Amino acid sequence: MLDKRFIRENPDVVKQAVRVKGLDLDVDELLQLDQDNRKLQFEVDTAQARRKSFSKEFAKADEVRKAELRAESTTFDKQLQELREQLSATSARLNELMLATPTIPWEGAPVGADESANTVVRTWGTPPEFDFTPLDHVDLAEKRGWAEFARARRVAGERAYVLCGDAVLLERALHSYALDLLHGSGFRLMSVPSLVKEAPLVGTGMLPKGRAEIYEIPADDAFLAGTAEVSLVGLHAGEILDASRLPIRYAGISPCFRREIGSASRDVRGLLRVHQFEKVEQFVICADDQDESDRWHAELLGTAESILQALGLAYEVVECATGDMGVGKYRMNDINTWFPSLGLFRETHSCSSLKDWQARRANVRYRTAGGEVHFAYTLNNTAVATPRLLAAVLENFQTADGALRVPEVLRPYLGGRETL
RNA sequence: GGUGGAGUCGCCUAGUGGCCGAGGGCGCACGCCUCGAAAGCGUGUGAGGGGGCAACCCCUCCGUGGGUUCAAAUCCCACCUCCACCGCCA
């Protein structure tokens, strides 16, 4: 969500953002509604001021005047009611359009309709070379008894999986490593709800547009969140934070649920695209200062890279194109990790800066040292998301004898074992 | 699942229909006092929207949404959240 004043003063900038992000939003309609809405607001305010004066006078009036006032009020209320209805109709529509307004993307972002316009910023590491025929993670996991797919799908349908034995320990090790790392660098560890209400989903921008992607539980007016970000933003919804509390840094861990409705029958094999997964997420709320936000973006991205480097996984960092980054984002960098079975890099992390787009929706504000109330800036990035990253570890570190070489940083979490 | 209680301006609290256009205390800010501070005294102290060149002015908000009334923090209904107890339970 953008600032209305900004839209009024910079309609062309907004239109440009709508265009490069490939969105369907009529900025002129929005501007017209905004103007209509303000006019109606003024009329309603004025009418209400007058209406209030009737009641004031009533208390002091004699019986004759009271009868007059009652009659006048009734007539006046009809007009007022009509105005109110008009106002609520225009403001509802205005709000609908406001929720669809995009963050103006970073000028450095490649302009393009979709991910094919993304550019590689840098790569790290070298994809492993095998002197044997490596298995993909599905074959390897099944061979070692580390996963069940056919049976899992009997239980939970397509894209379901069961991790078994050492794969469970390895998954847990990845999350433990990420949590310890973040805890050590000042992030507050937060284990948050996945079962959430509608408001935080609207606040984070997952709704209304992303409805098809989210599991709904209508009996309880609840939803299953696709990321811990939903709860982490929601925790501070409606608050005015003291500047001294910023930046807020959270490492959120939660089960994540996604319907994957837009990618039906894609990646149906294995652990790459599943409906339920486990993610440690980095999340920051900071002041509305672009330089500071940029620094956090770099740090969140750097932390994710350091995790992959520590694991010894080759990856590339991608600058996401305007059409790929999503409505609310100012800048987005994906990190794609090498998957030997695919012979390419696949997304394992996604780092986003949203400026105050999310904070405006969720009404997360802070009071500056000077006493002014501002919307905060928010950023987020994956730290570790499994089982996708687990699959990368399985594929990259398999050995000729069908074993798995455990990355050194994970060994402390696996009783010091060097291979599984 | 059941029963009872509660949600007021950062915090505590007053407020059972018009004098609430929300009072008091704490905290905070500024000033006076002081060598300096504390104490004391005084003043100020929310958010959102709108109008005006401006000084200013108006509207909305007492958990949320409805309702009753000329008039609602106050009365009625529903919901949300919290607390206590009972039942069930990982």
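Keep in mind it's a predicted model, so treat the numbers as computed, not measured.
At most 12 non-hydrogen atoms from other residues, nucleotides or ligands lie less than 6.0 angstrom from CZ of A/R151. By the neighbour-count criterion of 12 heavy atoms within 6.0 Å, atom CD of A/E82 is sparsely surrounded, having that number or fewer from other residues, nucleotides or ligands.
A side chain to side chain contact (heavy atoms under 4.5 Å, CB included) with A/Y330 holds for exactly one of A/D356, A/I104, A/D294; it is A/D294.
Nucleotides B/rC11 and B/rC28 have their P atoms positioned 15 Å apart, rounded to a whole Å. Taking atom C1' on both B/rG23 and B/rC32, the two are 26 Å apart, rounded to the nearest angstrom. When the C1' atom is used for both B/rG46 and B/rA29, the distance is 15 Å, rounded to whole Å. Comparing B/rG65 with B/rC70, their C1' atoms sit 24 Å apart, to the nearest whole Å.
The nearest whole Å value for the distance from the CD atom in A/E372 to the P atom in B/rG46 is 14 Å. Residue A/N363 contributes atom CG, which lies 13 Å from atom C1' of B/rG46 at whole-angstrom precision. Atom P of nucleotide B/rG50 and atom CG of A/L94 are separated by 10 Å, given to the nearest angstrom. Taking atom CD on A/E72 and atom P on B/rA71, their separation rounds to 14 Å, with Å as the unit.
Judged by distance alone, with hydrogens and angles left aside, the side-chain atoms of A/K21 form a donor-acceptor pair with the main-chain N or O of A/T103 at under 3.5 Å.
Taking only side-chain nitrogens and oxygens, A/R50 never comes nearer than 4.0 Å to OP1 or OP2 of B/rC58. The side chain of A/K56 contributes no N or O atom lying less than 4.0 Å from OP1 or OP2 of B/rA71. Side-chain nitrogen and oxygen atoms of A/K52 include none within less than 4.0 Å of the OP1 or OP2 phosphate oxygen of B/rG18. The shortest distance between the side-chain N/O atoms of A/R51 and the OP1/OP2 oxygens of B/rC59 is not below 4.0 Å.
For A/D45 and B/rG51, a side-chain-to-base donor-acceptor distance below 3.5 Å is absent, hydrogens and geometry of angles not being considered.
Residue contacts shown for A/R367 are limited to sugar-phosphate atoms, with no base heavy atom under 4.0 Å away.
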